[in-house]
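Residue numbers start from 1 in every chain, and the chains themselves are labelled A, B, ... in the order their sequence lines are given, proteins ahead of strands.
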Amino acid sequence: MVFQLGSTLLDACVLSVLSQGKTYGYALTQEMKRIFDLSESSLYPVLRRLQKEKYLTTFDRPFQGRNRRYYAITPQGEEKLAEYRQEWNQYRSNVDQVLLGGLPDERK
Amino acid sequence: MNGNKFLLKFKMALRRKKRRKRPLQKKNEFLSQLRKGLKKLPQDEIDNAMEYYEEYFEEAGPEKEEEAIASWGSPGAVASQILADYAIRQADSEPSAKRGLSTAWTVLRAIFASSVSIPVTAVSACGMVAADIVLAVAILGLGFAAVSFAVIGVMSIVIGFLVTSKNFPTMIFYIGAGLFGAGAGTALIPLVVWLCRRGFSGVSKLFQKIMRWRKTI
C-alpha cells in the first residue's frame with residue numbers, strides 16, 4: 001500500500017463497518033485486513049480507543065462453548081461517523097482536484 | 001560399523017534438538033509472554049487485551065496460529081504497543097508534565113521493542129529524544145524569559161515612580177516599559193504551562209504515529 005491510512009481514517013472505517021451491523025472481533029479484523037492489509041495487532045488499539053471514547057460498545061455471546069466478543073456502534077459513534085464522512089468527502093474532492101484534475105485555471 | 005552407528009545416533013540427536021515446537025505450545029507461550037508484558041496495566045485493560053488475542057486464536061484455528069504470531073512480531077513488541085497506546089490515552093485525558101514524561105518513556109520503549117531494523121529503531125529513538133530535549137530547552141528558555149520580563153517589568157515600574165519629581169516623560173517611559181515587560185512576561189506563562197502539560201505527550205503521539213507508519217512499509 002502506497003498511501004498510509006491515518007489513525008483518524010482508520011477509526012472512521014471501523015465505525016463505518018460497524019454501522020452496517022454488529023459483528024464479532026475476528027470477523028471485523030479480517031474484514032479490515034482484507035481491504036487494508038492491516039495487522040490484528042494494529043487494530044486492537046483502535047478498537048480499544050473507540051470503545052473508551054464510547055463510539056462503540058462490546059458485549060459477549062457464547063458460541064460453540066466459547067465466548068465471542070461482539071462490537072456494535074453507539075449513537076455517538078453514528079454521529080461521529082457522519083462527521084467523518086462529511087470530512088472525507090471534502091478531503092477527497094480536494095485531493096481529486098489536485099491529483100486527478102490539476103488546477104488548470106491557475107496555470108493559465 | 002561402530003562409526004556408522006555413531007553417525008546415525010548423532011544425526012538423530014540433532015533432529016530431536018531441531019524439532020519444532022508444536023503450534024499449541026507456541027500459542028500458549030505467546031499468550032503468557034503477552035500477559036507478562038502487560039503486567040503494569042490496570043486489570044481491566046489486561047483482561048480486555050488478552051480476551052482479544054485469545055479470541056483471535058480460537059477463531060482462526062490452529063493452522064493460522066504460526067502465521068499470525070509471525071506477522072505480529074514478538075509478544076514483547078505487541079505488549080509495548082498496547083502500553084504505549086494506553087499511556088497516550090491517559091496523557092490525553094489528564095495532561096500534566098509528569099504524565100507526558102512517563103508517556104514519552106513508554107513510547108520510547110515501544111520503539112525499541114518494535115521489530116524493525118536496528119538503524120531505523122536508532123533513528124526513531126534518537127529523533128524522539130532529540131525532540132523532547134528541544135522541547136525541554138524551549139520550556140526552560142521561555143520560562144526564564146517570562147520570569148525575567150516580569151521581574152524587570154515590575155522593577156521598571158518602581159523606578160518610574162521613584163523618578164517622579166525630576167522628569168515626567170522619563171517617568172512615563174519607565175512605567176510604560178515596565179508595564180509592557182510585566183505584561184509580556186505574564187502572557188508567556190500560560191504558553192510555558194501548556195507546553196509543559198501537553199508538549200511531551202504531543203511528541204510521544206507523533207513518534208508513535210511514525211512507528212506505525214514504518215511498520216507498514
Side-chain angles (χ1 to χ4, degrees), chain A residues 1-14 17-18 22-72 74 76 80, chain B residues 30 34 37-38 41-42 44-61 64-65 67-93 107 110 113-115 205-206 208-217:
Chain A
M1 203 168 66
V2 177
F3 302 104
Q4 166 72 346
L5 201 60
S7 64
T8 332
L9 211 44
L10 205 43
D11 286 1
C13 289
V14 169
V17 171
L18 286 179
K22 48 182 171 287
T23 182
Y24 59 101
Y26 184 70
L28 180 58
T29 53
Q30 292 310 295
E31 176 74 3
M32 294 295 289
K33 198 167 167 182
R34 189 177 64 85
I35 309 176
F36 294 117
D37 186 32
L38 287 165
S39 153
E40 294 81 3
S41 64
S42 47
L43 278 168
Y44 175 71
V46 175
L47 292 172
R48 187 60 177 164
R49 187 178 57 240
L50 288 172
Q51 185 185 6
K52 283 289 167 178
E53 290 172 341
K54 307 262 197 300
Y55 293 140
L56 63 81
T57 180
T58 64
F59 57 93
D60 294 339
R61 286 268 178 282
F63 177 81
Q64 290 182 356
R66 60 172 188 262
N67 214 20
R68 252 187 192 170
R69 175 151 290 177
Y70 280 79
Y71 297 83
T74 60
Q76 299 97 302
K80 193 71 182 173
Chain B
F30 181 88
L34 181 60
L38 297 175
L41 289 177
D44 68 320
E45 291 286 341
I46 301 180
D47 289 342
N48 196 282
M50 292 310 299
E51 156 87 37
Y52 177 84
Y53 283 96
E54 280 165 3
E55 196 176 300
Y56 176 83
F57 281 126
E58 284 180 8
E59 294 283 348
K64 289 227 191 142
E65 274 168 18
E67 186 191 320
I69 293 178
S71 80
W72 299 337
S74 74
V78 175
S80 301
Q81 196 204 14
I82 296 176
L83 286 168
D85 175 75
Y86 174 76
I88 286 180
R89 267 189 283 131
Q90 292 300 102
D92 274 345
S93 66
V107 172
S114 68
S115 45
K205 256 198 264 189
L206 175 66
Q208 212 214 17
K209 281 196 181 168
I210 291 178
M211 227 191 355
R212 249 174 25 100
W213 173 73
R214 274 193 295 103
K215 272 174 148 177
T216 59
I217 57 173

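Here A:Arg68 is the residue among A:Gln51, A:Arg68, A:Arg49 with the most heavy-atom pairs under 4.5 Å with chain B. With chain A as partner, the option from B:Glu54, B:Glu51, B:Glu59, B:Glu55 having the largest number of non-hydrogen pairs under 4.5 angstrom is B:Glu59.
With salt bridges taken as basic N to acidic carboxylate O contacts below 4.0 Å, one links A:Arg48 and B:Glu45. By the 4.0 Å N-to-carboxylate-O rule, A:Arg66 lies close enough to B:Glu58 to be salt-bridged with it.
For A:Thr29, the part sitting under 4.5 Å from any heavy atom of chain B is the side chain, from C-beta outward, and nothing else. For A:Glu53, no part lies near chain B; criterion is any non-hydrogen pair under 4.5 Å. Proximity to chain A (any heavy atom under 4.5 Å) is shown, for B:Ala60, by both the backbone and the side chain. Contact annotation for B:Tyr53: only side-chain heavy atoms (C-beta onward) come within less than 4.5 Å of a heavy atom of chain A. For a residue to count as touching a neighbouring chain, one of its non-hydrogen atoms must lie under 4.5 Å from one of that chain's; by this rule A:Leu43 touches chain B with backbone and side chain alike. For chain A, the nearby parts of B:Tyr56 are the backbone and the side chain; heavy atoms of each come within less than 4.5 Å. Interface remark: A:Gln64 contributes no atoms to any contact with chain B (heavy atom separation under 4.5 Å). Neither the backbone nor the side chain of B:Ala84 comes within contact range of chain A; no heavy atoms are under 4.5 Å apart.
Note: A:Ser41 OG to B:Leu34 CG = 10.0 Å, rounded to the nearest 0.5 Å. Within the model, atoms OG of A:Ser39 and CD of B:Gln81 stand 7.5 Å from one another, a figure rounded to the nearest 0.5 Å. A distance of 5.5 Å separates CD of A:Glu40 from CH2 of B:Trp72, quoted to the nearest 0.5 Å.
Dense packing is recorded around NZ of A:Lys33, with more than 12 heavy atoms of other residues, nucleotides or ligands lying under 6.0 Å away.
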I'd like to know whether B:Asn48 forms a side-chain hydrogen bond (donor to acceptor under 3.5 Å, both in side chains) with A:Tyr44, so could you lay out the CA-CA distance, the side-chain angles of the two residues, the decisive distance to 0.1 Å, and finally the verdict.
CA-CA 10 Å; B:Asn48 196 282; A:Tyr44 175 71; 3.1 Å; yes
